[in-house]
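Structure first, commentary second.
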Amino acid sequence: MTLAADQGDTPRILVADDEQPILRAYEQVLSDAKDLDPLEAELFGDQPADSGMPHFDVRYCQQGEEVIRAVEEACQEGRPYGVAFLDVRMPPGVDGVEVARQIRALDPQINIVVVTGYSDLHPMEIARQVPPAEKLYYLAKPFHATEVQQFALALTSKWQRENDFAEVHRDLQEKLIDLQRRGFDRAGLGEPAD
Amino acid sequence: MRLTSKLLLAILLVFGVSAAINIWILDATVEPSFAELERDHARADGRRIVEALQREGEHLMFTVQDYAFWNDTYDYALGRNDDYEADNLFPDTLLDLSTNAMILLDRDGAVLWRLILELEEGNEIAIPELPADRFPADHPVLAHRPDDRAFHGLMKTEAGLMVVAAAPILHSDSEGPPAGTFVFGRLLTADMIARLQAQTGVDFTLRYLTDDQLSEGDRTALAMIDAESPIVIEETSDDVMTVRSLLQDFEGQDVGIVRASIQRDITQVGRETERTALALLLLAALFILLTIGIFVRTVIIAPLRALIDRVAMIGASGQLPEVVERKSAERADELGLMEREFDAMVRQLKVTRQRLMEQSFYSGRAESAAGVLHNVRNALNPVNIALWRITQSLEQKDRSNQARAIAELQDEQTPPERRAKLWQYLERSLQGAEKEAEELMEDVNEVVDQHRKVEAILVQHDSFSRYEQPADNVDLGDVIREAAKVLSADQQPKVKVTWPDSLPSVKAHSILLGQVMANLFINAAEAIAAAGRHEGEIVITCVQERSADEPEVLVTVADNGEGILAERLEKIFERGYSSRSHKSGGLGLHWCANCLASMGGRIAATSEGPGRGAAIHVCLPAGSGAVNEAAE
């Protein structure tokens, strides 16, 4: 059971690929802008340039089993991942689609981006095996930096919104139950309590 | 052929057993019956002889009775008739009666009258056993003559065996007492025997018991004859049966033997029939053996042999031949069915084998291609990112702050603490720029490294894929036939492809060669279309060159299309060359050239010029062993 993350927490991203150079590439893309030199700020009173990339808490994995364990831990700690970038093939371990299936079973909210340079499984097939469709995304290798950045940004924001909405929904439910218990007459709603 | 031998042996066995059973049945049942039948006939014959003799006696007896039971004779015997002799007793009487002896005796046995003749000349003869003056009382005739009737019997005499009939002389009414004895006697002469032989139809002889001419058989028979079996039959030989009967005189003494040799016709016929039947059986057997032998050989064995040869050839060469029209496959019987099923199986096998080869080739290719793609994509990924970083860092940086710093330092109005800080800032900026340059260098190196990686992947794939495709013995006919299917029947223009009936085998990779040929056909079709023709022809010829250490096969694909300009003949094999860039029906001649080179072959083009068609010459190493079409 995933607990809703608090607002203001750093969004968490999970990245998985069996090749080191690609993990390095991810790291270069997802890192936020360098802070402005405080000296510069003092001398010229500039605001740090806004690169637009927020700070992400990124975890890098090289094998499928590692990914599954990471998601498990995150769920138990109450700090689940918002987005996972999964390579389809990560030999010698279990393959990406199976990993996706297991992650989905652990965390229904996480957004999964399937990253592939291997043309073996049709995207529709992957979507069929790892529902729901609105939380499954597809990225082709070699990927562009801007593609990864946009996915990270958009999906973490979406994830945050969904969590917020879920929380509001829960509050309203509680209030409704409360009201029903206390009776509509006293609440002044004019409807008799059944 | 062993199958035929088995069949013929079986038939021979059947006939053999049949013949054996036949013979056994004949020997066990038919022949004995025949023999029994024969014996019955012989016995009958024997009886006939005895009866004939018996009748002779009876005959004579009736005659003597006529004379003896007569008053005239009665009176004469008593001495009271003087005319009797003259009236009755003369030689003619005997001659008429065919009787040899006529004797009248009185009551005491005295001879009243006596006449004995031989019947040929009519001369008198003497027979001691019939005395001239008086018959003693113990004379056989007198001893055995009854008083009231006549009797007859045989008597042995010096002149031969005699049939004797005697009667008491009585009144005409047969009343007695006897006045005397009337005796007639007939010799069994050769003439009489001949007559009896004719009468009975049996060739018999008479032998006295005292005869020294009695044979061994005679003596044996004598021992066997008794009251129960008066006739004895001896199977003297396969052809002759001897019947013997004993003759007794009227004293009951054995006097002679009647012997007849009878042809064993019945058993002879039986044996001949048996032999004929067996001969016919043998003939039938031989005929059937011959017919079945020929039939089996031509109708069953020959087609079977042909099929076996075909199967053996497939087994030896590993090649499946094209199915050929054969009369034997059109038969309505089981062999025809077997041939048709075999052809269907070969066709199926061929298709399956081809598909399997193609599938394994393409899947192998696909797998390695997918693997290569994956690896290349992975290798390019960091390049993407590195290039992005490079572009990022090379983008116009905002250097306005640095310009401001320099400007302020140049301004003498700037306070010293601010001045110091500005210097520090500029220093840090420079360091930052150096660091950026280092990072740029790293990124460029990354690009170079990944580029090398990609190259290595491709090189490895190249050598790997070449290893995957071994050259094999390939039937050119099959390859061309398959490749020709790329020209569909209803395409425009209509292109006809012809090739020789018998093509040698080459050492190549069948699928790749097929693709090369298909490419050449597509090119030719396009050339024909470009020449403005509505129909064209592709003629394939083949020459085997046995010279040099390695024999080669030269295949020429000639079309009557638009032809090739002389200066273009070599360029057409360059990469990326296409005279028809808007059409890309084939893989390209460059690919074909590389492909053939990898198989140890060569390719060249000739043309007599524009509008005169073109010919592509493909040279390949010859295959080992001949792959012929099924001989039928």
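Order of the sequence lines fixes the chain letters, A, B, ..., with proteins taken first and strands second; residue numbering starts at 1 for each chain.
Using a 4.5 Å cut-off between heavy atoms, A:Gln28 contacts chain B through both its backbone and its side chain. Proximity to chain A (any heavy atom under 4.5 Å) is shown, for B:Ala405, by both the backbone and the side chain.
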Check: Is there a side-chain contact (heavy atoms from CB on, under 4.5 Å) between A:Gln149 and B:Trp388 once you walk through the steps?
Finding: CA-CA 12 Å; A:Gln149 285 177 341; B:Trp388 170 76; 3.4 Å; yes
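When every heavy atom of B:Lys453 is checked against every heavy atom of A:Glu19, the shortest pair comes out as NZ-OE1, 4.0 Å.
Residue-environment remark: CZ (B:Arg418) exceeds the threshold of 12 foreign heavy atoms within 6.0 Å.
The most heavy-atom pairs under 4.5 Å with chain A, out of B:Gln450, B:Gln424, B:Lys421, come from B:Lys421. Considering only heavy-atom pairs separated by less than 4.5 Å from chain A, the leading option among B:Leu380, B:Val383, B:Val376, B:Ile385 is B:Ile385.
B:Asn381 CG to A:His144 NE2: the interatomic distance, rounded to the nearest 0.5 Å, is 9.5 Å.
By the 4.5 Å heavy-atom criterion applied to side chains, B:Asn384 and A:Phe143 are not counted as neighbours. The shortest side-chain heavy-atom distance between A:Pro21 and B:Glu446 falls under the 4.5 Å cut-off.
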